[in-house]
Amino acid sequence: MSDQEASELILEPERYELSAAAPYRFDIDRREFFKVLGCGVVVLFLVDAALAQQETGGGRRRGGGGQRPAEISAWLHIGEDGTITVFTGKVEVGQNIRTSLTQAVAEELRAPVESIRMVMADTELTPYDAGTFGSRTTPDMAAQLHKIAAEAREALLDLAADSFKCERDSLTLANGKISRSGANDSIAFGQLTKGQKLVKSVNDKSSPTPAADWKIAGTSVPKVNGRELVTGKHRYASDINRPGMLHGKVLRPSAFDATLASVDTKAAEAMPGVTVVHDGDFVGVTAPDVLTAERAIAAIKAEWTAKPQVSSAELFDYLKKNTRGPQRTGRANEAGSAEGTPAADQKLQQTYTVAYIAHTPLEPRAAVAEWKDDKLTVWTGTQRPFGVRGDVAQAFGIPEDRVHLIAPDTGSGYGGKHTTAAATEAARLSKAVGKPVKLVWTREEEFTWGYFRPAGIIEVSSGVRSDGTITEWEFHNYNSGNSGVRSPYDIPGQRSEFHPTAYPLKQGSYRGLASTANHFAREVHMDELARAVKMDPLEFRLKNLRDSRLRAVLEAAAKAFGWGKTKAADGHGFGIAAGTEKGSYLATCAEVAVDRKTGVVKVLRAVAAFECGAIVNPDHLKNQVEGAMVMGLGGALFEAVQFENGKITNPRLSDYRVPRFTDMPAIEIVLLDRKDVPSAGAGETPIIGIAPAVGNAIFDATGIRLRSMPMTPQELLKAGA
Amino acid sequence: MARVKHVIVNGKEFAIDVDGERTLLSVLRDDLDLTGTKYGCGEGQCGACTVLLDGVPIHSCRARMSTVLRRKVTTIEGLETDGRLHPLQEAFLKAGAMQCAYCTSGMIMAGVGLLQKKPNPSDEDILAGMKGNLCRCGTYQRIFAAIKDGAKALQGGAK
Ligand code: FES
Ligand code: FES
């Protein structure tokens, strides 16, 4: 890890992902568009500079406040054959934006989905984008594409009015054609754009079709590239093959932060077809095939100097003892005070912990790099194509415009594919051999050399009156992060804080960020309070909750689950949890069966109610909510990264258990559609509810309260003994 | 180091010249450019690399080339006939049984193998047949539905 990389990682984890924004100043050269794309109509989205800073989080670092030119965030081209091409720097990582963004454009242009092509995440073709994270694609990029396409529609109507020599009002647009009322003729987009070199731009003030009138957006359009996916034709970064390409492998240090003391590469160099590259602490090989590369690495004799490091057994102690600097307060603290509120009848103080977990994307980090003359092209699976381009350029000391970075639709990321390592490694090897090089991290490397969702400790102290009113609330999160730290319940004078600490493993972004940890602690604690005052957990929540959107999902989930209707069978339990994050609202109910002898918990049934404003694609939204819930089960019940003295000790799928077919509960999803509320992103928030719902259900079944994620059989047996 | 000189994939014999210790997965992907079969773990834990060997699903990341001599390999690229998708591919599309779809080839191949053995699988049969395959995006419920649907389509003689 470079010093700079290291210093960036010391930022609190939630901000880490925002540290990439370097404003790309795009000089609009109209001739360029048409040279590359052919004649037609182009519409650009100009981001207001002030807005851009807010969106990328870069404003914090840039400061200054001088005038900056507007930036382009996306554009659309309608060619002479009527093909609509959209250019955006966003990345498809399985969250289905290739389809949902297509729907936004189809909606406004009243054009068939098939006539739209999305060009995404290619630094030479698409405008700068800070990255695909933070559930920002739907609220930002989809909204902008609606506006761009609406403007294109207006431009086409103008052209058609000219061509027909008629009033615009007599024209209607449907199915990629414009027709004249009263007359029996129509004109296709391509006929209108022929020979045109028309450039238009829009900004945030233009107004697209309201969600209530949507015809294509808001419907379950199937994945636009589904056929490519079920036939295996789509090429992920790790599937890119180039003529003359070699396979690379990197010698990994014996432990984190170890330095190379000595290395003997002679045996590897003698192997036919093998080239060894040694540059500082970097040692890697290229070979004609992966097996030979592996053998070459195994033949290298290296000695490393490593320092003693914290192990998972001491983790929570370490975090608590290494709280850094003054406690961070601020946005999380509630105005008003508890003064004047009647005193609590009962007080409760508890500590919750969350382990480090790994993203484990099924496609590990991978890159193909190819130098031609002085220019480097890299294909890599990343959520930050422009950021990675900058990092790679910096690693080689070359200007950014000499690096072309392409991020093909990726085998998922979950917040884990923000960094550059695989790309830089492949590029270094390729540079040495003068040939394209592919480097695919093994699962073990993926488990070890990426970064993790931060572990954390959460301390909660609270007070409650016998009638169920919460009177006091203090919430301290150590290390795992700020996201979701504030309680959505009505507690005057609540205090919720995040405390950064020193930490032993590389940590960074993860689906839902710290919201999962914070909701686990809060919603389990809420359950404990409800039990303390002998109230039904649902009723207790509703009593302390005014937020109508959160109430609505709680009530919807409870209804679908049949909450309060039946008693759980022997050895079974019911649990409920709710929360809000990134503009969307979730409630989850779960039924578990617990085997008291083995401590094994089986989740039998899970119901989630979710609301994220106007729904863009109901089926895909459902898919995201289901998937997030399943992924959340892993962190709830099984997943924990074990480490000792700078080594990950369970870096294999056989040792690090993730949810499988046999773990599946019966899942039911209830979606609430709020056409009157702008759509929020939905790929992250639905992960936050399942762990506390399961934890609370375990208590319901056994009377045993588990306060650590994952809630493993060992923990349960220990607590039950 | 015995060399392997040919391999039969999707009904075609390919002349190759590879170390018999290499995995079938790497030869498919790197030598034959059949990249529909994926790497996910290399230890038989994820099923992303599933192909059929003489009609039986196997993890190609664990199959050495020396063991597949003269046996018939079928990969995801071999499922279409005359540009028509296999009914299970159709069923995956219909059920929307994917997100990132990195697991999809392996899931479909495991499913095809399962349905060859059990044309009318019970829920337990599906769990048993698919338990070697991971979907990190968590689309299991949909994959389950797709396999049931695919079974029906296959039994009805497809469309
Ligand atoms: S790559 Fe073969 S089972 Fe995972
Ligand atoms: S769809 Fe992403 S792993 Fe299955």
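On a predicted model such as this, the values are computed, not experimentally measured, just so you know. The chains referred to below are lettered A, B, ... by the order of the sequence lines, with proteins before strands, and numbering in each begins at 1.
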Engaged part of [X] at the chain A interface, taking heavy atoms whose separation is under 4.5 Å:
| X | value |
| --- | --- |
| Gln89(B) | both |
| Ser26(B) | neither |
| Leu134(B) | both |

Under 4.5 Å from any heavy atom of chain B, what part of [X] do you find: side chain, backbone, both or neither?
| X | result |
| --- | --- |
| Ser220(A) | neither |
| Asn96(A) | neither |
| Pro659(A) | both |
| His359(A) | backbone |
| Lys622(A) | both |
| Pro288(A) | neither |
| Arg660(A) | both |
| Gln95(A) | neither |
| Tyr414(A) | side chain |

Do you know which two heavy atoms are closest between [X] and [Y], and how far apart they sit?
| X | Y | answer |
| --- | --- | --- |
| Leu653(A) | Gly40(B) | CD1-O, 4.4 Å |
| His234(A) | Lys38(B) | O-NZ, 3.9 Å |
| Ala48(B) | Leu362(A) | CB-CD2, 4.4 Å |

Task: Intermediate values then yes/no, salt bridge (Lys or Arg N to Asp or Glu O under 4.0 Å), Lys131(B) and Asp663(A) - done: CA-CA 10 Å; Lys131(B) 69 172 192 293; Asp663(A) 299 314; over 6 Å; no

When [options] are compared by non-hydrogen pairs under 4.5 Å with chain B, the top option:
| options | value |
| --- | --- |
| Met629(A), Gln624(A), Glu92(A) | Gln624(A) |
| Gly413(A), Ser654(A), Gly411(A), Ala366(A) | Ser654(A) |
| Asp619(A), Thr292(A), Leu633(A) | Asp619(A) |

Return the [atom1] to [atom2] distance between [X] and [Y], rounded to the nearest 0.5 Å.
| X | Y | atom1 | atom2 | result |
| --- | --- | --- | --- | --- |
| Thr662(A) | Leu127(B) | OG1 | CG | 7.0 Å |
| Gln141(B) | Glu668(A) | CD | CD | 9.5 Å |
| Glu446(A) | Cys41(B) | CD | SG | 12.5 Å |
| Cys135(B) | Met631(A) | SG | CE | 10.0 Å |

Among [options], which residue forms the greatest number of heavy-atom pairs with chain A at distances under 4.5 Å?
| options | answer |
| --- | --- |
| Cys137(B), Gly36(B), Gly42(B), Cys100(B) | Cys100(B) |
| Gly96(B), Ala97(B), Ala101(B) | Ala101(B) |
| His86(B), Glu77(B), Met98(B), Met107(B) | Met98(B) |
| Phe92(B), Tyr39(B), Tyr140(B) | Tyr140(B) |

Determine whether [X] and [Y] make a side-chain contact, defined as any pair of heavy atoms from C-beta on separated by less than 4.5 Å.
| X | Y | result |
| --- | --- | --- |
| Asn623(A) | Thr139(B) | yes |
| Glu43(B) | Arg652(A) | yes |
| Glu21(B) | Arg295(A) | yes |
| Phe661(A) | Ile143(B) | yes |
| Gln45(B) | Tyr656(A) | no |

Task: Donor-acceptor under 3.5 Å (Arg22(B) side chain, Leu291(A) main chain) - done: no

TODO: Spell out, as yes or no, whether a donor-acceptor pair under 3.5 Å connects the side chain of Arg136(B) to the backbone of Glu363(A).
DONE: no

Task: Crowding at NZ, Lys117(B) (>12 non-hydrogen neighbours, <6.0 Å) - done: no

Open item on the list: Please output the residues of residues 223-233 of chain A in contact with chain B, using a heavy-atom cutoff of under 4.5 Å, in numerical order.
Closed with: Lys223(A), Gly226(A), Arg227(A), Leu229(A), Val230(A), Thr231(A), Gly232(A), Lys233(A)

Task: Residues Arg29(B) and Asp289(A) bridged, charged N to O under 4.0 Å - done: no

Open item on the list: Among Pro361(A), Ser238(A), Ser412(A), exactly one meets side chain to side chain contact (heavy atoms under 4.5 Å, CB included) together with Tyr102(B). Which residue is that?
Closed with: Ser238(A)

